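Nothing here was measured: the structure is a model prediction, and the numbers come from that model.
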Amino acid sequence: MNSKKFLALISVAVGLSFSFNAYAAKEIKISSNNTAYSDADVQKLAATAVGMGVKEPVSLNSGNGVVTVSGSSATKCAFKVGNGDTPQIQGVSCK
């Protein structure tokens, strides 16, 4: 492979990594949250739910080892997270 093709491939890879990081860093709007999780953990759960169809702003409601994430759409996600200070995701169900 010549050096021009190699540099072009490196440039494309770097560009894609920057665009992915910019997308991944989007902060999800939270309207309410009764979990004991850190802001970073709440954002991860919310981002997953938004990716599954929940519309922002989202609400997180915790109880009996399950966090339910709902928003302005009919879609709701239930995360089985166990008990503790950090979510240990054991399953996800979105309807």
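- The list of salt bridge (charged side-chain N to carboxylate O under 4.0 Å, His left out) pairs with a residue in residues 51-67, not counting sequence neighbours, reads K26-E56.
- Residue pairs meeting the salt bridge (charged side-chain N to carboxylate O under 4.0 Å, His left out) criterion with at least one member in residues 62-74, sequence neighbours excluded, do not occur.
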Give every donor-acceptor pair under 3.5 Å between a side-chain atom in residues 40-51 and any protein atom, sequence neighbours left out.
{"residue": "D41", "atom": "OD2", "partner": "S38", "partner atom": "OG", "Å": "3.3"}
{"residue": "Q43", "atom": "OE1", "partner": "I28", "partner atom": "N", "Å": "2.7"}
{"residue": "Q43", "atom": "NE2", "partner": "I28", "partner atom": "O", "Å": "3.0"}
{"residue": "T48", "atom": "OG1", "partner": "K44", "partner atom": "O", "Å": "2.9"}

Enumerate, atom names and distances included, each donor-acceptor pair closer than 3.5 Å involving a side-chain atom of residues 57-70, sequence neighbours excluded.
{"residue": "S59", "atom": "OG", "partner": "S31", "partner atom": "OG", "Å": "2.9"}
{"residue": "S59", "atom": "OG", "partner": "S32", "partner atom": "OG", "Å": "3.1"}
{"residue": "N61", "atom": "OD1", "partner": "N34", "partner atom": "ND2", "Å": "2.9"}

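- S72 is linked by a side chain to side chain donor-acceptor pair (under 3.5 Å) to nothing, counting only residues two or more places apart in sequence or in another chain.
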Can you give the donor-acceptor pairs under 3.5 Å from side chains of residues 74-95 to other protein atoms, not counting sequence neighbours?
{"residue": "T86", "atom": "OG1", "partner": "Q88", "partner atom": "NE2", "Å": "3.1"}

